[in-house]
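Ligands are counted one by one from 1 in listed order, and the atoms in each one are counted from 1 as well.
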Amino acid sequence: MIFSHTGWVGWHGGEVLSEKVCAQEIGDVVEGIDVVSQENIEDTHHTYESYPTIPGADALTTALEDAVSPVADRFRETENTVTDAGVPELTVSWDLVGASPDTVGVRLAFAEHGGDAFDGRAETWWYDVASGDVLPATALLDTDALAELFERIEEVASDNSRIDQQMLEEHLAGETESLHSLAFTTEGDLWVEFDRAQVSHDNTPIGIAVSADGVLSDFGDLAKESAMTPTDPAIAVPEPSPENSDTASADGSGEVIVQDGGSVDCSSARCIALTFDDGPVEGTNALLDVLASRGVKATFFMVGTNVEANPDVVARIHNEGHALGNHTMDHPQLTRLDEASIRDEIESTNDLIEAATGERSVLLRPPYGATNDTVSAVAADLGMAQILWDVDPEDWKDHDSAIVTERVESHAHDGAIILSHDIHETTRNAYAGIIDNLLGQGYTLVTVPELFGELTPGQKYFNR
Ligand code: ZN
């Protein structure tokens, strides 16, 4: 189960896009969907980026990365002026707007505010499974029916006081390039989005719904179906060869990680593993107090620099029965490093964990969930399983205890691995309530080794 999020409150003048377009929770039907996310918090700017990856749709992943990275890089370079409006902040969020064996649709929302920054816009990309091509939104349209579509847009827009008809007319004169975010509402209408200041003097982007009848291309019909009745694309992923298998080393040696599984049997009990990343920090003690008071065990994926700075907190985590996780030395995207550097990131962190606790971690969480064959091979070689997650409340994005609570509680399920960050006070504050709620629902809260009983080195785990 994966969250998808719209960019920010106030989008579409109070209309919540997710209710109109994404109510189907399309991500739920896509087996193996994962999220690449990255945050960069500096005194002079904050950037938060995330986009989904769909197994087998490599060209889509590349297209999304190419759409997001330059925007974030440019923002970090140019937006560094803190004003009364606050620290310049960029959020790139995503929604899955269609999924089927024919096509996958991803909408990216870019929001900039604070400092001198102010912008809001969306792009939608549609992946053609058959050809493996990533197509722009306009591929959904029958080019012979453009005049008809523009007429419908202008007709609907004439009832919308926020839209400036003159601006709209000029914008549509740009022909199809003017339409870069097209999706479908839950009723099957075409959802057309305009960027901030394109068709309105308002400061927020605008989306409108028009009838999709007769204006779609053949591919557009498939896209509409993928939005209305989403199904798992189940794109064929090449069989791993022995050389690049995730679990090659593990298969070779037949070695299996078995940690003390305690007395819980998660094959019968309803178990959830709470995991906390990026610490430990001094404030982690408050979270440990909450866990201790409820007799609950969790897993901490620790960054080496913080292990070095807070060895007493690491020792406490260990002494109180929580599982030790390795989140690398300084949180790089491992997929951008060579094998030796990946190994060094993990080993140096484990050296510090061992110095603080006497034990090495056998649980690797690659930063941003970014892994590949090289990372998997190093993990396998080091006897470590890769622990990803399937519930992500994106607590780093909102810094709001109530939002974190709502997202965790509404997406919790038997076998879930829940990702949160103990470096945020808002997250730490949320967990007393969350734990009480989950316990009240009959869940047993366990460590990652308890959730699985045994783990295979190198292998990736998203849930049980
Ligand atoms: Zn992290």
Side-chain angles (χ1 to χ4, degrees), residues 2-3 5 34-42 46-53 65 68-69 72 76 90-93 273-284 287 298-310 313-314 317 322-337 341-342 344-350 352-353 361-372 375-376 378-379 384-399 404 407-408 416-428 430-431 447-448 460-462:
I2 292 284
F3 292 101
H5 289 299
D34 198 6
V35 181
V36 178
S37 59
Q38 184 163 354
E39 62 177 346
N40 190 289
I41 311 286
E42 308 282 342
H46 302 165
T47 58
Y48 310 95
E49 313 140 49
S50 64
Y51 57 88
T53 61
E65 184 180 5
V68 171
S69 295
R76 284 190 280 268
L90 168 73
T91 304
V92 185
S93 55
L274 303 178
T275 67
F276 298 98
D277 287 15
D278 293 3
V281 290
E282 193 58 41
T284 303
L287 179 61
T299 304
F300 288 82
F301 289 96
M302 301 176 288
V303 171
T305 50
N306 281 336
V307 173
E308 191 165 31
N310 301 287
V313 186
V314 181
I317 287 170
H322 305 292
L324 302 168
N326 183 320
H327 198 36
T328 74
M329 193 64 198
D330 47 17
H331 212 272
Q333 189 166 324
L334 293 178
T335 52
R336 291 181 178 166
L337 303 184
S341 306
I342 295 168
D344 185 53
E345 281 283 342
I346 300 168
E347 290 262 72
S348 56
T349 305
N350 259 358
L352 292 166
I353 292 174
S361 169
V362 293
L363 310 171
L364 171 67
R365 174 162 284 168
Y368 318 110
T371 183
N372 59 14
V375 176
S376 297
V378 172
M384 304 178 78
Q386 299 185 82
I387 310 300
L388 290 305
W389 59 86
D390 73 341
V391 175
D392 176 5
E394 298 195 329
D395 57 332
W396 49 266
K397 193 196 280 181
D398 301 285
H399 297 278
V404 173
R407 289 183 184 154
V408 170
I417 299 177
I418 298 178
L419 166 69
S420 293
H421 298 83
D422 53 309
I423 53 173
H424 302 307
E425 188 181 10
T426 42
T427 297
R428 300 192 296 260
Y431 262 89
T447 65
V448 167
K460 289 175 277 192
Y461 296 86
F462 295 91

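The side chain to side chain donor-acceptor pair (under 3.5 Å) analysis of residues 301-310, with sequence neighbours excluded, yields no pairs.
A salt bridge does not link D422 to R428: none of the charged nitrogens lies less than 4.0 Å from a carboxylate oxygen. A salt bridge is defined here as a Lys NZ or Arg NE, NH1 or NH2 lying under 4.0 Å from an Asp or Glu carboxylate O, and R336 with E345 fails to meet this definition.
Shown are the protein N/O/S atoms under 2.8 Å from the Zn ion (ligand 1), given by residue and atom: D278 OD1, H327 NE2, H331 NE2.
Of the residues T284, I317, T328, the one that meets the side-chain contact (heavy atoms from CB on, under 4.5 Å) test with M302 is I317.
Between N40 and H46, the side chains place no donor N or O within less than 3.5 Å of an acceptor N or O (distance only, hydrogens not considered).
No side-chain donor-acceptor contact under 3.5 Å links T427 to the backbone of S420.
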